[in-house]
Amino acid sequence: MNEARDEILARTRAAIREGTPPDPLARAYRTTGVVDDPGRVALLGERLLDYRARVEHTTATALRDLLDEIARGDRIGVPRGLPETWRPANSVEDDGLSTHELDALDGVITGCTVAIAETGTLVLAGGEMEGRRALTLVPDVHICVVRTDQIVETVPEAFAALLGREHRPLTFVSGPSATSDIELERVEGVHGPRTLIVVIVKEAS
Amino acid sequence: MTSFPEAARIALGDSQLRHNLRNATTTIRDKRARVVAEVPDWDELREAGRAIKADVMRRLDEYLLQFEESVQAAGGQVHWARDGAEANAIVLDVARAHDVTEVVKVKSLTTDEIGLNEALAAGGVHAIETDFAELILQLDGDWPSHILVPAIHRNRSEIRDLFMRTIADGRELSDDPRELADTARLYLREKFLDAKVGVSGANFGIAETGTLVVVESEGNGRMCTTLPPVLVTVLGIEKLLPTFADLEVFLQLLPRSSTGERMNPYTSLWTGVTIGDGPQEFHVVLLDNGRTRVLSDQVGRQALHCIRCSACLNVCPVYRRTGGHAYGSVYPGPIGAILTPQLRGVANAKSLPYASSLCGACYEVCPVKIDIPSVLLHLRAQTEKDVAERIAMRSLARIFGNVRLYEWAQRLARAGEGPARRVPGPLASWTQTRDLKPFAKETFREWWSRERGA
Ligand code: SF4
């Protein structure tokens, strides 16, 4: 296949040999937000509701009770690095569960790396508290805990926060899975989790 | 070239259907306008998007080598394919190396362009399309034909009947969309959980890091790129971006332009192989298939900037009248009118550059500022080799630009329609060149719903 490689590169070079150099790249778009902390939290919640996610607000001390209440004793998967206080009574640690074992779970609780208020997006970066991708994909309910200090306003701010994590598998989640292919009616959850519950935890300050 | 599809002929008579489709186009156009209006720096983002893509084209050889190195450093394997046949053979080889007769696939225009599913089928490997709309087509036996009937053309009771005949396992179904989606979910879930090989396209490839990006809604993209132990991704060479941070521009431009959402439900990024997470064997196929030819034209080159958002389709008066099938290619609408003739060579798609009234609406909405009207004029200049051709083509352009003329010509054409009959009247030249098929049904949904850019 080196022949194909050489030929494509040769064709490419021949095609671009002539011509004007590209214009200097102007990055005049916004790279930082303007909304204050409470405004950012409110915006994220609002945008997630737009996607028909369920949004809960709580504090670090009340988190455990809230998670227990949401989990209702169901079998909930958790990544290995999830803190004890975030694990509801009947949680199952992902120690390399098979896809069918993941499928038998009722839901999953994870953290996230950064959340984007403007677009209602949670970014999972495969960290200790987020687990591998299959864990947040196969179970039907995804409960994602977001600390308020993880919330940024704009997409460029999220990319700044992801610096150093470029090589990890990343998933941007904006609401539960959806299709509108049946007479344009939106139906949640074709293949990903059909329910997305976002728990926003106010940082004690 | 395929004769005018039977299915389209039936759909033509269905005015309710045409009405619905026009509504759908309008709905999405309005949604797009709303979410674009709320972005204060939209013009700056568009300009950055344009400039990044222009830079990619100018240094494509460097970026290709950098991408190759990055993917390899991350444990992935890089293949190069001069054309569709080479790319298809590479994917088939991977499937065969793992002894599978089935692969799970997420819909992509690039793999449609090269006829990957058909090539795999010929090699004894069935590609299971996992997008909801595509699944319906496949079950209905439309697959592997090129003639795709979009799911929007199927009303819910048709989908229920189809599912009960095929995948419902004897269960009784209602025509509640939720229940229908659940049925598809259940059926495909088994396929996903046990799949050995996944196949995808990608919206972007990052030269700096070797990262691939898939933008989608349903979650089948995540399934296909995460669960199978082996993954093959086919990437057009024009899909590269220089740096990881460039995504901050394109992940703002694409979702708002495409489905009118602030962000699409799921975007997946992966780089080579990650131990303990996702496929442990990863292949990427870099596809040329005419792209270097497009690159060599300094004006036409900008067609390669396209991020497949479909915004230009929704606003195009010609597209809204003729529908996607009329363009005779997997790339319909204004972008198809400039991309297809260049990919195939202008001589093989002469009439496409005339499928426009040059109203400029496509340029206005394009998130990467592709100047489609200028490229159309540039391509027209290349096709008008003699006077007769010029006159024929220009009358075609006039018809496209005028609603009343168009409807009149359409009636004439329909009256003359038959398996082998020529279209009479002013559209004769159209059917003679036959690279632009007349009067297909509206197929906006087909393109939009399945694609979202990959
Ligand atoms: S050419 Fe059309 S499909 Fe391509 S990016 Fe521009 S508006 Fe979107």
Side-chain angles (χ1 to χ4, degrees), chain A residues 1 4-5 7-9 11-16 18-19 21-30 47 51 96 99-100 103 116 118-121 126 132-134 137-138 155-156 158-159 166-185 187 189-192, chain B residues 24 41 44-45 47-48 51-52 54-55 58 60-61 64 74 79-82 86 132-133 151 155-156 159 177-178 180-181 184-185 188 193 209 211 217-220 222-223 226-227 244-245 247-248 251-252 262-271 274 276-278 288 292 295-296 298 449:
Chain A
M1 277 302 142
R5 176 180 187 270
E7 195 175 322
I8 292 171
L9 285 169
R11 285 184 198 164
T12 304
R13 287 181 183 128
I16 60 180
E18 275 150 39
D23 314 335
L25 174 55
R27 291 188 193 265
Y29 53 84
R30 292 172 305 152
R47 295 285 145 98
Y51 297 137
T99 51
H100 286 276
D103 195 35
I116 310 168
E118 198 169 86
T119 57
T121 303
R132 61 191 171 124
R133 285 170 289 172
L137 174 60
V138 179
V155 175
F159 273 85
E166 298 91 337
H167 290 86
R168 293 213 198 145
L170 302 173
T171 309
F172 286 53
V173 176
S174 309
S177 139
T179 184
S180 328
D181 281 338
I182 305 171
E183 295 180 12
L184 274 183
E185 200 166 305
V187 179
V190 193
H191 299 300
Chain B
D41 54 346
E44 287 78 8
L45 285 167
E47 176 51 29
I52 291 167
D55 172 62
R58 278 287 295 160
L60 189 57
D61 56 334
L64 282 167
H79 309 261
W80 301 69
R82 279 168 287 200
E86 284 186 355
F132 188 74
N155 65 37
R156 57 184 78 187
I159 299 175
R178 166 121 237 168
L180 296 174
R185 175 185 170 98
L188 284 175
L193 295 183
T209 54
T211 305
S217 298
E218 295 178 15
N220 60 315
R222 289 177 75 187
M223 291 277 180
T226 306
L227 296 186
F244 190 80
L247 285 171
E248 71 190 19
L251 290 186
Q252 293 192 75
R262 297 187 178 102
M263 194 65 94
N264 50 289
Y266 300 133
T267 299
S268 300
L269 296 82
W270 73 95
T271 305
T274 305
D277 189 344
D288 181 346
T292 47
L295 191 64
S296 65
Q298 285 194 49
S449 68

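Here is the naming used below: chain letters follow the sequence lines, and residue numbers restart at 1 for every chain. Because the structure is predicted, anything quoted here is derived from the model rather than measured. These values consider heavy atoms only, across backbone and side chains, with no hydrogens, waters or symmetry-generated copies.
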Original post:
With a 4.5 angstrom heavy-atom cut-off, which part of B:L193 approaches chain A: side chain, backbone, both or neither?
Top reply: both

Subject >> Region of A:T121 in contact with chain B, defined by heavy-atom distances below 4.5 Å >> reply: side chain

Original post:
At their closest point, which heavy atom of B:E218 faces which heavy atom of A:S177, and how far apart are they?
Top reply: O-OG, 2.7 Å

Subject >> Proximity breakdown for B:T211 and chain A, heavy-atom pairs closer than 4.5 Å >> reply: side chain

Subject >> Under the side-chain contact (heavy atoms from CB on, under 4.5 Å) test, residues paired with B:A74 that sit two or more places apart >> reply: B:T271

**OP:** Could you look at A:E7 and say if it's the side chain, the backbone, both or neither that has a heavy atom under 4.5 Å from chain B?
**Re:** side chain

Original post:
Do the side-chain N and O atoms of B:Q252 and A:Y29 include a donor-acceptor pair separated by under 3.5 angstrom?
Top reply: no

Subject >> Residue B:L45 versus chain A: region with a heavy atom under 4.5 Å >> reply: both

Original post:
For B:P265 and A:P176, which heavy atoms make the closest approach, and how far apart are they?
Top reply: CB-O, 3.9 Å

Subject >> Nearest-0.5 Å distance, CZ of residue B:R262 to CD1 of residue A:I116 >> reply: 13.5 Å

**OP:** Could you tell me which non-hydrogen atom of A:R132 sits nearest to which non-hydrogen atom of B:D277, and how far apart they are?
**Re:** CA-OD2, 3.3 Å

**OP:** Enter the distance from A:R27:CZ to B:I52:CD1 here, rounded to the nearest 0.5 Å.
**Re:** 4.5 Å

Original post:
To the nearest 0.5 Å, how far apart are OH in B:Y266 and CG in A:L137?
Top reply: 7.5 Å

Subject >> Greatest number of heavy atom pairs closer than 4.5 Å to chain A - which of B:L64, B:L295, B:L188 >> reply: B:L295

**OP:** Please identify each residue that fulfils side-chain contact (heavy atoms from CB on, under 4.5 Å) with B:S296, with sequence neighbours left out.
**Re:** A:A15

**OP:** Please name the pair of heavy atoms, one in B:G278 and one in A:R133, separated by the smallest distance, quoted to 0.1 Å.
**Re:** CA-NH2, 3.5 Å

Original post:
If you measure from CZ on A:F172 to CG on B:N264, what distance do you get to the nearest 0.5 Å?
Top reply: 10.0 Å

**OP:** Check whether any side-chain heavy atom of A:V138 sits under 4.5 Å from a side-chain heavy atom of B:L227, and report yes or no.
**Re:** yes

Subject >> Heavy-atom closest contact (B:D41 atom, A:R30 atom, distance) >> reply: OD2-N, 2.7 Å

**OP:** Output the distance between atom CD1 (A:I8) and atom CG (B:D61), rounded to the nearest 0.5 Å.
**Re:** 12.5 Å

Original post:
When rounded to the nearest 0.5 angstrom, what distance separates OG1 in B:T209 from NE2 in A:H167?
Top reply: 5.5 Å

